[in-house]
Number of protein chains: 2
Amino acid sequence: MPANEQHGIPSVWTRPRARREQPALSREQIVAEAVRLLDAEGIDALSMRKLGTRLGAGATSLYRHVANKDELIELVVDEVYGELAEPDVARSAHWRDVTARRAHGLRAMLLKHPWIASLLGEVGVAHLGPNLMRLSDRMIATFEAAGFALSESDHAVRTVFAYVTGMTTSEAAWLTMLARSGQTEQEWVERLWPAAEQAAQAYPRLRKGYADQRGKDPRATRDENFAYGLDLILDGLEARLGQAGPAAG
Amino acid sequence: MPANEQHGIPSVWTRPRARREQPALSREQIVAEAVRLLDAEGIDALSMRKLGTRLGAGATSLYRHVANKDELIELVVDEVYGELAEPDVARSAHWRDVTARRAHGLRAMLLKHPWIASLLGEVGVAHLGPNLMRLSDRMIATFEAAGFALSESDHAVRTVFAYVTGMTTSEAAWLTMLARSGQTEQEWVERLWPAAEQAAQAYPRLRKGYADQRGKDPRATRDENFAYGLDLILDGLEARLGQAGPAAG
DNA sequence: CGCGCCAGCGTATGGTGTACGCTGAAGCGA
DNA sequence: TCGCTTCAGCGTACACCATACGCTGGCGCG
C-alpha cells in the first residue's frame, strides 16, 4: 500500500475517507440502541461488544460516552421512565383516577420492557435520574393537590411505586421465562400442570387456587390481580384523606 | 515424580489418599455455601469457580448437583425464604397482626440478604419453590380464617407480597450501593446532598422533601416509610372484610 | 473377587467487561 | 497557512466467566 497522497492521485482511495458519516456516537444514541437491543433480545444479550457492533463501533468506543456498564444501565432505566406519558387530565382530574392511570401506565411500560425486572434490583430507585424525578414530582403534586400533606404525599408515592414495581417485576420475570421457552402462557400452564399439582400436594388451598384458575385467561387474571391491589391501596389512601385534611378534587 | 506404586513403597504418598473426608458434595451444602458467599461478598462475587473453591471442589463438580447457575439461583432464593419463622400466634392471632408481622419478617429477611434484590427480577416468584409455597399457603390460610374468600385471599397475599418485595428491593439496592462505597448511610446522604439539590432544582416539592428528611435518621425514615404503606394495604383489606363476609377474629 | 457406576476433575471453548496506548482528524491560536 | 493540542474511536490484551466433554479412580453390589 503506497502512500497515495505523495503521488497526488485523486481517487476515492487517496481521500482520507471523510469522518464517519453517521455523526459518530453519542450517549443518547448509545442508550437508545441499548433499549432496542434489550427489547429485541433480552437482558442476557446486552454486552458492550454487541451494542458497539450494532452502532458500527468497537466495544471500547462506548466508554468515551459512558463510564462503565453499570452507568449505562442507570441511563437505560431512566430512559424508559421517560416514555411515560402524563395522564390525560381532561378525562378526569380526580387524584384517584389520575393515580390509577399512572399506575397502569407504569405497569404497561414495565411489561413492554420486561428486562427491567432484572435491572430494578441493581439500580434501586434509579438514583436521581431526571425522568424518574419528573415522574415523582408529578405524582406528589397530584396528592398534594388532593389535600395530602407533603410528607404523606411522599409516602403515598413510594407505596404506589413499590406496589406497582413489585407486582410487575414478578409478572415480567414470568413473561421473560415464557419468551425464552417460546411457548404461550396457556401452553406453559398446561405443561406445568402436573408438576404444579404435585408441588402443591400438601397445600389444598394452593391446589384449589390453581384449579380455579385453570380455565381462565392467564392474562386477564394478571390484570385483575393487579387492579385488585391497586384499588386496595387507593381505598386506603382515600380513607386517610377523609379523616385528616379537607378533601379536594 | 515417579509412580510410587510400582515400587511398592508403603507411605502416605503411595496410599491413594482416602476419599475426601468431608462427605463429598451435596445440593444442600452447595446452596448453603452459596448463601454464605453471597452474604459475605455480594452478588458479583458469586461464580461457580469461587463457590467450588470454597467447598474444596472444582468449579465443574458443582454441575453434578445443580443443572446450571440459574437453577442454583432458584434454589438459593427459595432457601432464604425458608429462613422465615412463623409469627408467634400466642402474641396475637388477629389476621392483621399476623400479616403485619409476616410482612416485617419478610422485609427483615430481604434486607439481611440484600443480594436477592438482584435475583428476584430473574426468578419472579421463585417458581414452585417449596419454602415459598409453604409461606403462601400459610398466608392464604390466615386470610381465609379471617373470613376472606379463597380467591380474595389469593389476591391479598399477592398484594402484600408485591408491596413488600417492591419496597424492600429498592431499599436493598440502596444498601448494596452503600456497602460497595464503604460509607454509612448518613455520610452518603451528606456527600450526595449538593448533587441531589441540583438535580431537584426544577422540582420544589422534591427539594422540600429532601430538606425535611435531612436531619432525620435515614434508617428510621425507611422503617416509617415501609410501615405507612403496609398499614395502608391492611386498612384496605380490613375495609373489604367489613363490607363482604362475616368478619372473624 | 470383579465389574459397573458415577462423583469429581482437567481441560478447552467461546464469551465477558474494561485498561491501556495508539492513530489520525478537528479545532484553534499565531 | 502552519503547527499544536485535544480527543473520539480502535486494537489488543488480560483476567475472569459459565459450561461441554471425556477421563479416572474409588465404592457398592453381584
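On a predicted model such as this, the values are computed, not experimentally measured, just so you know. Letters A, B, ... mirror the listed sequences (proteins, then strands); counts begin at 1.
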Map A:Ser47 and A:Ala67 onto DNA chain C by nearest heavy atom, then report which one ends up closer to the 5' terminus.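 In this pair, the answer is A:Ser47.
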Using whole Å, report how far [atom1] of [X] lies from [atom2] of [N].
X	N	atom1	atom2	result
A:Leu25	D:dC7	CG	P	17 Å
A:His65	D:dA8	NE2	P	6 Å
B:Glu122	D:dA18	CD	C1'	14 Å
B:Leu55	C:dA7	CG	P	16 Å
B:Arg27	C:dA7	CZ	P	12 Å
B:Met48	D:dA18	CE	P	7 Å
A:Glu71	C:dG17	CD	P	15 Å
A:Leu62	D:dA8	CG	C1'	12 Å

Please name the pair of heavy atoms, one in A:Ala173 and one in A:Ala117, separated by the smallest distance, quoted to 0.1 Å.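 Smallest interatomic distance, heavy atoms only, reads N-CB, 4.4 Å.
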Under a 3.5 Å threshold, yes or no: a donor from one side chain and an acceptor from the other, between [X] and [Y]?
X	Y	result
A:Gln201	A:Arg207	no
B:Asn225	B:Arg222	no
A:Gln29	A:His65	no

With respect to the phosphate group of D:dC10, does any side-chain polar atom (N or O) of A:Ser61 fall under 4.0 Å of OP1 or OP2?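 So the side-chain polar atoms of A:Ser61 do come within 4.0 Å of the phosphate oxygens OP1 or OP2 of D:dC10, strictly under.
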Contact nearer the 5' end of DNA chain D, comparing A:Gly58 with B:Lys50: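 The residue closer to the strand's 5' end, by nearest nucleotide, is A:Gly58.
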Given DNA chain D, 5'-ward residue of the pair B:Arg64 and B:Lys69, judged by closest heavy atom: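 Comparing both residues, the 5'-ward one is B:Lys69.
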Sugar-phosphate only, base, or nothing, as touched by B:Leu72 at under 4.0 Å among non-hydrogen atoms: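 Answer is nothing: B:Leu72 stays at 4.0 Å or more from every strand.
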Taking any heavy-atom pair under 4.0 Å as a contact, classify A:Leu51: base, sugar-phosphate, or nothing.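 The answer is nothing, as A:Leu51 stays clear of every strand by at least 4.0 Å.
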Kindly state whether the ring of B:Phe226 and the ring of B:Tyr163 have centres lying under 6.0 angstrom apart.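 For B:Phe226 and B:Tyr163, the ring centres are under 6.0 Å apart.
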Test for a donor-acceptor pair under 3.5 Å between the base of C:dG17 and the side chain of A:Arg49, counting only N and O atoms.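 Check passes, donor-acceptor contact within cut-off.
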Within the modelled atom types, does a donor on one side and an acceptor on the other bring the side chain of B:Thr60 and the base of C:dG10 under 3.5 Å apart?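 Flag set: donor-acceptor pair detected.
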Closest to side chain of A:Ala59, choosing from D:dC17, D:dG9, C:dT18: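 Per side-chain heavy atoms of A:Ala59, the pick is C:dT18.
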